[in-house]
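Here's the structure, in structure tokens; my notes come after.
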Amino acid sequence: MSGDTLLLPLQEIAALLGRPAQVSGPLVQVGRLVVHLGTRSMTIDGVPYAGPLVVTPGGDALVDAKLLAYALDGQLTSRSGGVAITGVPASAPPVTAAPAATSPLAPPRSSAAPVPSAPATPGGVPEARFATNKAVYAPGERVTYTDFSFDPDGLNLARQWDGMNDVFFTPGEHRISLVVTNSKGRVSAPYARVIRVEGPPVNTPLSYALRYAPIGSTFQDTRNPAYPALIPTTQAGPSYPLLFSDSPEAPARSGVLYQDRATGRVRVVAYHLNRLGRPARLYVLARPRGTGTSVEVLREGSAGGTGIESVLGQVSVLDFMTGAGRAPQPLPAQGVTALYTSPLLAPEQGAKILLDLQVTGEADLSVVMLEEGQPLTEETLVALPVLPPDAQHQRGTFPGAVRSLTVRLGASPARVTLGDSLSDPALSGVDVLTGAPQRLSGNYGVQYDITVENTVPGTGTVATFVPRGGPYRGGLVVDDGADRQVLRIPGSGVLSNGDSPFVLWRTPSRAFQMTFIPTGGSFLPVSLVFYPHPGGLSP
């Protein structure tokens, strides 16, 4: 809600209503509504509309429910517990239609005018129309587009642009054209305008990206690996043990995967794949070692039911960062209590769990894989073997589940590398089941609480994320004053190009905080690259 206005996710709701959005660069069209994500502007039926619009860090548009219903020719109706959009006509399948040469309404050619046109076929053919806010731009100056295309029968339009950019850096004339297609498959004539780029540049590609690239997008900067490395200052702060279970990563039989005794605050992180050959579940169990023992789940996050480890890693970390806890749970003196039970895992499917616990008293915490059909009883668990670790993965108890760092920025771009086991040392611990020393390569499951301080007056900061070891997908939280943003890295797919920083945050603040947990299934190390930027900045 925004005041008395109900805001809905544009693309998600449109897809659910059978009218998927048409996306062309920064433009998203749903029915008669066009949203320009870059300029955070809207048109309805080709006319600028100044209603409420929110663009999330992931690039999703939230619009007024009444506006969305109107754009889809539907009705907004009240129902028990909320509202519903009804009566939305289905999209007609596209048919082949040959476009005419140009629009009949385009004036004679000039440097800022549409190209000349030939008569278009009458009778229900849509017309493409747009304008730019200026005719002449400096290199690196932002271009604003106003699209006022229309269909004579009021049908929905899909857009196809050619030559459209938010900015041009090359001097000379640049031709931009638009073709629209209505929901019956009728195609407009191309409509074009020519703008001219000349004069001194006002931005380089990098300075433009630092000011305008949306949160959650990437931009090119091949120099970023060579920026000076910052060594963060480690701050004293609350921390606690990490019980980490990833070995054997893919057990072939039911058994105990890891176990240790715990009291007070503790974090449990477990990832395992079902290789039993039959359905099974992953459990985190607690057994008290005395009377009056209780466990409070302070925070939890999980994912299960897929064999794609990077998906399990990303979803569980984002779930953990945004998750809540549970009230303290007394542990019965006899038997075990399941603190986590995975979905039923088919062979080759896995589950990932992160739990922050507060144990009052003392309890044994166990990570167990158990085939479906075996009862979760004391007798079953006592009979389970302790499975030996594999040679490729880690398990153990590691002090230091939270690492508090402070990064102080100067006047030049700089980077902080995480998960390289060199500038960011790996945790050392022990596998209490075998007594073997362990080294947690990559610090998967460790929480980095990072305070970023800008030491140069008059500048803002652009924070970016760069993969260094290979494909990465995960999440990160930014706290900047009253603003709190949970960021999916990246918005979809994986991040893999080390020459293309991913924009995390843009702020004029002198200090802000970031929370980061490396995700399993992704490659480390990664870098946080910070760019100072003069003047005012906003996300």
Side-chain angles (χ1 to χ4, degrees), residues 242-261 267-287 300-317 335-355 364-398 429-442 444-445 470-471 518-524:
L242 168 63
L243 275 61
F244 186 82
S245 180
D246 185 30
S247 184
E249 185 173 271
R253 59 179 298 190
S254 297
V256 176
L257 302 164
Y258 191 61
Q259 185 179 77
D260 196 4
R261 190 175 303 175
R267 175 171 294 171
V268 178
V269 176
Y271 165 74
H272 292 281
L273 186 72
N274 173 20
R275 202 157 283 167
L276 275 63
R278 49 198 175 277
R281 296 184 191 272
L282 183 68
Y283 296 91
V284 177
L285 306 174
R287 177 187 285 108
E300 62 183 317
S302 65
T306 176
I308 305 174
E309 188 180 359
S310 62
V311 171
L312 294 172
Q314 181 183 57
V315 173
S316 59
V317 162
V336 296
T337 299
L339 303 178
Y340 167 74
T341 302
S342 77
L344 187 62
L345 306 176
E348 301 304 321
Q349 289 186 340
K352 177 76 176 286
I353 175 67
L354 298 90
L355 289 170
D364 289 328
L365 301 178
S366 305
V367 180
V368 170
M369 182 75 79
L370 188 63
E371 66 180 88
E372 182 71 357
Q374 291 198 37
L376 192 64
T377 63
E378 182 70 16
E379 291 75 19
T380 299
L381 298 172
V382 167
L384 286 178
V386 175
L387 301 181
D390 61 39
Q392 294 79 37
H393 306 95
Q394 290 90 38
R395 72 182 186 191
T397 302
F398 301 87
V430 62
D431 178 353
V432 299
L433 297 178
T434 65
Q438 296 288 306
R439 190 166 177 267
L440 187 58
S441 298
Y444 292 103
T519 54
S522 289
F523 290 85
L524 295 172

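For reference, positions follow the sequence shown, starting with 1. What you see is a predicted model, and the numbers here were worked out from it, not measured in a lab.
Side-chain contact check for Thr397 and Tyr258: at least one donor-acceptor pair (N or O, by modelled atom type) lies under 3.5 Å.
For the salt bridge (Lys or Arg N to Asp or Glu O under 4.0 Å) condition, no pair includes a residue of residues 304-314, sequence neighbours left out. The side-chain hydrogen bond (donor to acceptor under 3.5 Å, both in side chains) contacts involving residues 336-346 comprise nothing, where partners must be two or more places apart or lie in separate chains.
Counting only heavy atoms from C-beta outward, the side chains of Gln349 and Asn274 never approach each other to under 4.5 Å. In this structure the side chain of Leu365 never reaches within 4.5 angstrom of the side chain of Asp260, judged on heavy atoms. For the pair Lys352/Val269, a side-chain contact is recorded, criterion being any heavy-atom separation below 4.5 Å from C-beta on.
Put simply, CG on Leu370 and CG on Leu381 are 7.0 Å apart, with the number rounded to the nearest 0.5 Å. Taken from OG in Ser245 to NE2 in His393, the straight-line distance is 11.5 Å, to the nearest 0.5 Å. The OG atom of Ser366 lies 6.0 Å from the CZ atom of Arg287; values are rounded to the nearest 0.5 Å.
Closest of all the heavy-atom pairs between Leu276 and Ser254 is CD2-OG, 3.5 Å. Scanning all heavy atoms of the two residues, the minimum distance from Pro251 to Met369 falls at CG-CE, 4.0 Å.
Annotation: side-chain hydrogen bond (donor to acceptor under 3.5 Å, both in side chains) contacts of Gln438 (sequence neighbours excluded): none. Evaluation of the side-chain hydrogen bond (donor to acceptor under 3.5 Å, both in side chains) rule for Glu300 yields Arg326 as partners, not counting sequence neighbours. Under the side-chain hydrogen bond (donor to acceptor under 3.5 Å, both in side chains) criterion, Tyr444 pairs with no residue, sequence neighbours left out. Remark: Arg395 pairs with Asp431 by the side-chain hydrogen bond (donor to acceptor under 3.5 Å, both in side chains) rule, at least two apart or across chains.
Judged by distance alone, the side chain of His272 and the main-chain N or O of Ala351 form no donor-acceptor pair under 3.5 Å.
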